Amino acid sequence: MATPWHVLGAGSLGTLWATRLARAGLPVRLILRNAARLVAYQAVGGLTLVEQGDASFHAITGETPDTGEPIHLLLVACKAYDAEPAVAQIAHRLAPGAQVILLQNGLGSQDAVAARVPGARCIFASSTEGAFRDGDWRVVFAGHGFTWLGDVRQPLAPLWLEDLSAAGIPHEWSADILTRLWRKLALNCAINPLTVLHGCRNGGLLAHHCEVATLCAELGELLEHCGQPAAALDLPAEVERVIQATAANYSSMYQDVAHQRRTEISYLLGYACAAATRHQLNLPHLEQLQQRLIAHLATGGLPTD
Ligand code: NAD
Ligand code: KPL
């Protein structure tokens, strides 16, 4: 019997992973917030994946955090700010040697989870796949992409990567997962806050080339000081490339703000500015960007952390 996948967080990415794993015949359990959410889920009986207009239904077993079964393989698919408290709720169920896969964007939440469950093997992931919910218990697979996974403490690839291959989840084991996460964080810091402040699609930043270039220079300096020179390589050109390639899209932070959802600012720009302070680095434009973004969120009645 294959090891069951426990998926914590039945949102966009959690549903995208759970449905593809279940479709491959792998055992999957969905951990919902509480008994009320479990009742609501059981009334529907499963998750729906919408791919290129085709919907498929997957009757995946739901659980609450305190259901008894030990967890060997846990996929954490909550937002960065929810990851550590959500894992704390199920920590007592982790079996010795349990493996925990962390799908969160940005940096900071992974270390918080790892500190909460020191006995578990924590695997960090960075994904370019795109998904959104178009209803309760339904996800639309909006953008095909790739997921890199790695373990900063143990380079050996885990056996369950075979499950991802079986499920058709494009992935690669990465020896430099921190570099990938830092690079993505830098991209997100150079693009996402400005799209919120200028109220534009990613392509709208082509009209703010100097502002973007100044931020890239400061982000490059930060990456060098944080021991991530590889993540700094050709950063300005990569940011320009991403802006061009995603010109018609709204950034994830823009969408969060537009939908009045809490952003992951503390794990992106907030993390970058805190790292600069730790290294006694003066990055005035990045600092100013953070202050402007915080003021904008506060004005919109959104959490500023
Ligand atoms: P989401 O908000 O759609 O889903 C998060 C889910 O976690 C929600 O259903 C929420 O109710 C649940 N949750 C929160 N606390 C919980 C708890 N204590 N117990 C059980 N469930 C709990 O978020 P998402 O878009 O799937 O993003 C998850 C992470 O993946 C984020 O860090 C995001 O930046 C990253 N990411 C998302 C995408 C995407 O396309 N959606 C792409 C790449 C990376
Ligand atoms: O990852 C992104 C996001 O919107 O969060 C991109 C498209 C790279 C913009 O930063």
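Counting convention: from 1, in listed order, for ligands and their atoms alike. Being a predicted model, the structure only gives us computed values, none of them experimental.
- Other residues, nucleotides and ligands contribute more than 12 heavy atoms inside 6.0 Å of the CD atom of Q154.
- L233 belongs to no hydrophobic cluster with other residues, because no ILVMFWY side-chain heavy atom falls under 4.5 Å from its own, directly or through intermediates.
- Of all protein heavy atoms, the one lying nearest to atom 7 (C) of ligand 2 is N202 ND2, 3.9 Å.
- Taking a heavy-atom cut-off of under 4.0 Å, ligand 1 is surrounded by L8, G9, A10, G11, S12, L13, I31, L32, R33, A77, C78, K79, A80, D82, A86, Q89, L103, Q104, N105, S127, E129, G130, A131, R133, E264.
- Within ligand 2, counting atoms from 1 as listed, the ones closer than 4.0 Å to a heavy atom of V242 are 8 (C).
- Heavy atoms of N249 found under 4.0 angstrom from ligand 2: none, in either backbone or side chain.
- Under a 4.0 angstrom heavy-atom cut-off, K184 registers as being in contact with ligand 2.
- Scanning both residues, A80 and E264, for their nearest heavy atoms gives N-OE2, 2.8 Å.
- In R278, the CZ atom is crowded: over 12 heavy atoms of neighbouring residues, nucleotides or ligands sit closer than 6.0 Å.
- Closest protein heavy atom to atom 9 (C) of ligand 2: N192 OD1, 3.2 Å.
- A donor-acceptor contact closer than 3.5 angstrom is absent between the side chains of E211 and H285.
- Other members of the hydrophobic cluster containing F132, listed by chain and number, are V50, V140; membership follows side-chain contacts under 4.5 Å among ILVMFWY residues, whether direct or relayed.
- Counting only distance, with no hydrogens or angles, the side chain of Q104 and the backbone of S109 share no donor-acceptor pair below 3.5 Å.
- The N/O atoms of T246, backbone and side chain alike, include none that comes under 3.5 Å of an N/O atom in ligand 2.
- In the hydrophobic cluster analysis, where Ile, Leu, Val, Met, Phe, Trp and Tyr join through side-chain heavy atoms closer than 4.5 angstrom, W182 is grouped apart from I123.
- On a distance-only criterion, S252 and ligand 2 share at least one N/O pair closer than 3.5 Å.
- Heavy-atom proximity to S251, at under 4.0 Å, picks out these atoms of ligand 2: 4 (O).
- Using a 4.0 Å cut-off between charged nitrogen and carboxylate oxygen, R262 and D305 count as a salt-bridge pair.
- Taking a cut-off of under 4.0 Å to the non-hydrogen atoms of N188, the atoms of ligand 2 that pass are 1 (O), 2 (C), 3 (C), 5 (O), 6 (C), 8 (C), 9 (C), 10 (O).
- When hydrophobic residues (I, L, V, M, F, W, Y) are linked wherever their side-chain heavy atoms come within less than 4.5 Å, the members clustered with Y267 are Y81.
- At a 4.0 Å heavy-atom cut-off, ligand 2 touches I191 through the side chain alone.
- Placement of V113 and L185 within a single hydrophobic cluster is found when ILVMFWY residues are connected by side-chain heavy-atom separations under 4.5 Å, directly or transitively.
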